[in-house]
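Worksheet for the structure shown next.
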Amino acid sequence: MSPLIPAHLIGMCLMSSSGCPADMRHISVHWFRKGLRLHDNPALLAALQDCTEIYPVFVLDPGVPNQAHASINCWRFLTGALKDLDCSLKKLNSRLFVLRGKPEEVFPRLFQRWKVTRLTFELDTEPYSQDQDEKVVKLAKQHNVEVIQKVSHTLFDTERIIAKNNGKPPLTFNRLQAVVQSLGAPEKPVPPPTLEDMKGVRTPCSEKDEESYKVPTLEELGLDPLSAGPELYPGGEQEALRRLDEHMKRTGWVCHFQKPETSPNALSPSTTVLSPYVRYGCLSVRTFWWRLTDVYQGRKHSQPPVSLHGQLLWREFFYTTSVGIPNFNRMEGNPICLQVDWDSNPEHLAAWREARTGFPFIDAIMTQLRQEGWIHHLARHAVACFLTRGDLWISWEEGQKVFEELLLDGDWALNAGNWQWLSASAFFHQYYRVYSPIAFGKKTDKSGEYIKKYLPILKKFPADYIYEPWKAPRSVQERAGCIVGKDYPRPIVDHEVVSKENMQRMKMAYSKRSKTFNESNGKAKGEKRKAASVVDMLMKKKVKVN
DNA sequence: CAACGGTTGTTCTC
DNA sequence: GAGAACAACCGTTG
């Protein structure tokens with residue numbers, strides 16, 4: 001893993017090595033990646049300091065793993081967000097330049113063509129972005145371009161959290177909370193640039209450029225807009241801020257919010273669905289945090305981990321672990337991940353992905369995911385448990401790929417972290433708590449209205465059988481106009497049987513793990529050993545910073 | 001080393 | 001609707 005240099009230091013080092021006199025008037029490029037917004041964008045503000053020309057750019061990189069495999073819903077969200085950004089920049093007498101290619105090829109051309117002296121962007125902790133940054137920063141140096149990076153995608157600099165925790169990422173929420181509390185409140189968001197800030201700043205753009213740098217349409221990206229689902233969550237900062245305002249008006253709801261009590265199968269979302277906006281940075285997490293603080297002010301309110309503040313801290317938790325744990329999105333080589341002998345079963349995997357497991361609750365959720373690009377967190381639990389330790393015994397990495405493709409809020413760190421959680425591979429270890437694909441949904445939707453919405457073939461089934469239609473007598477199936485095995489699949493596994501078998505396989509995996517730890521620490525076989533030291537082992541190469 | 005707590009399990013009994 | 005059994009994990013704490 002390449003060592004991360006705290007963002008504030010990068011800016012400083014390169015400023016001094018760029019050779020630019022302090023009073024130099026800059027030609028700045030601001031590189032939008034995540035952080036698709038004007039509000040709380042410190043790197044963008046830095047670009048505008050002592051600046052004569054600003055070029056806001058977005059690079060469509062064919063190499064970005066989760067862009068290459070993104071669903072049409074994700075592309076629609078992203079292009080929507082870019083259009084919104086372009087529109088907002090135009091109100092500031094600027095514009096967005098969308099470029100295609102690898103950043104390390106695009107930027108040297110831009111540096112020369114525009115005579116760039118400064119490059120600014122938001123820190124992105126994903127491994128792919130880190131690799132890119134290393135290359136781009138090096139190229140900038142070669143072109144005598146100053147680089148400024150700012151932390152604004154997370155509440156805190158994740159490296160600071162790790163440093164405060166003796167060089168190790170916190171592995172429990174409580175620990176993260178304790179560390180974060182010692183850091184004080186997150187920084188307040190910075191205001192968006194104004195026309196005042198833009199005085200004396202130009203964005204030169206010829207008519208030819210106007211066309212070649214515009215935000216591509218879905219058709220231009222080779223996608224068929226008709227194959228997309230309904231646009232329930234349009235991308236963009238304006239939409240994000242509007243939605244934030246709407247939710248923050250519901251002060252009672254905000255103050256009482258307790259995540260585990262929200263329903264996974266409500267007919268309209270029981271949570272805010274601001275996650276896609278936070279993922280792409282259309283909404284700043286710090287703006288979200290401080291707006292919640294305003295609402296909480298002087299009122300009795302719920303607390304982390306279940307509160308809305310708590311939800312943002314969960315995000316911080318997985319961002320931090322993803323920075324501190326190598327191979328975070330894989331089982332192999334991931335020191336905190338349980339090593340499990342998952343089955344390879346392409347038929348079962350396809351049935352799960354394509355919503356034909358024969359369990360209506362599971363299939364309804366997978367249908368909503370594909371059509372709308374968002375499902376409730378607990379719905380994710382249900383289908384993730386089903387794919388992995390609960391029923392199909394398929395690797396969480398397979399589920400991770402499907403979610404990455406289909407979820408509008410498919411954040412790299414959160415996706416990997418939550419899949420490890422749900423498969424009881426890391427963070428969560430009570431593997432004997434298994435979600436029932438039949439019972440779980442009934443708690444909040446007894447008559448199966450949610451199932452009927454997403455699986456209309458089952459809409460005439462009576463409530464008694466809607467969660468397990470294969471149990472319905474033939475006459476009931478005929479009256480419902482749906483014969484199980486013909487119009488809707490039979491269940492691909494017997495949950496009662498496989499969930500018990502799988503529980504034993506999990507037990508085996510865990511016992512094998514403690515044995516491995518003991519051996520690697522030179523202890524006698526069977527001797528119990530504290531698992532906490534696994535991370536100590538992993539981290540001992542790292543220099544402690546405190 | 002033992003006790004404790006862990007966002008969000010299910011099923012059965014009272 | 002509350003509480004216990006089910007089978008029993010981990011990381012943290014003292």
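In the text below, chain A, chain B and the rest are named by the order of the sequence lines, each starting its count at 1.
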If you measure from CD on A/E398 to CH2 on A/W396, what distance do you get to the nearest 0.5 Å? 11.0 Å
Taking atom C1' in both B/dA3 and C/dA8, what distance in whole Å separates the two?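 Taking atom C1' in both B/dA3 and C/dA8, they lie 15 Å apart.
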Say you pick atom P in B/dT11 and the same atom in C/dC9; how far apart are they, in whole Å?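 Pairwise P distance, B/dT11 against C/dC9, rounds to 22 Å.
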Proximity to the side chain of [X] - top-ranked nucleotide from [options]:
X      : options               : result
A/F173 : B/dT7, C/dA8, B/dT10  : B/dT7
A/W421 : C/dC9, B/dT7, B/dT11  : B/dT7
A/T172 : C/dC10, C/dT12, B/dT7 : C/dT12
A/R433 : C/dT12, B/dT8, B/dT7  : B/dT8

Which helical stems does DNA chain C take part in, if a stem means at least 3 consecutive Watson-Crick or G-U pairs with both distances below 3.5 Å?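 Paired runs of 3+ in DNA chain C: B:1-6 with C:9-14, B:9-14 with C:1-6.
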Output the residues of residues 361-380 of chain A in contact with DNA chain B, where contact means a heavy atom of the residue under 4.0 Å from an atom of the strand; sort by number or write none.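 A/H377, A/L378, in order of number.
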Expected list for residues 252-262 of chain A near DNA chain B, using heavy atoms below 4.0 Å, is A/K259, A/P260
Can you list, by residue number, the residues of residues 301-315 of chain A that have a non-hydrogen atom closer than 4.0 angstrom to DNA chain C?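 Residues of residues 301-315 of chain A that come under 4.0 Å of DNA chain C do not exist, since none gets that close.
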Going by side-chain contact (heavy atoms from CB on, under 4.5 Å), name the residues that satisfy it together with A/D464, two or more places apart in sequence or in a different chain.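 Checked A/D464 against side-chain contact (heavy atoms from CB on, under 4.5 Å); zero matches.
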Pair A/K500 + A/E496: basic N to acidic O under 4.0 Å: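 Between A/E496 and A/K500 there is a salt bridge, with a charged N closer than 4.0 Å to a carboxylate O.
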Is it true that A/D343 and A/R505 have a side-chain N and a carboxylate O under 4.0 angstrom from each other? yes
Looking at every non-hydrogen atom in both residues, tell me the closest pair between A/I375 and A/Q368 and how far apart they are. CG2-OE1, 3.5 Å
Closest non-hydrogen atom pair between A/A228 and A/N73, with its separation: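 Heavy-atom minimum between the residues: CB-OD1, 3.8 Å.
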Taking the ring centre of each residue, are [X] and [Y] less than 6.0 Å apart?
X      : Y      : result
A/F77  : A/Y277 : yes
A/F386 : A/W352 : no
A/H381 : A/F440 : no
A/H309 : A/Y296 : yes

Could you pull out all donor-acceptor pairs under 3.5 Å where a side-chain atom in residues 354-366 of chain A meets a protein atom, sequence neighbours excluded?
residue	atom	partner	partner atom	Å
A/E354	OE1	A/R356	NE	3.1
A/E354	OE1	A/R356	NH2	2.6
A/T357	OG1	A/F359	N	3.1
A/T357	OG1	A/D363	OD1	2.8
A/D363	OD1	A/R356	N	3.3
A/D363	OD1	A/T357	N	2.9
A/D363	OD2	A/T357	N	3.1
A/D363	OD2	A/G358	N	3.0
A/D363	OD2	A/Y488	OH	2.5

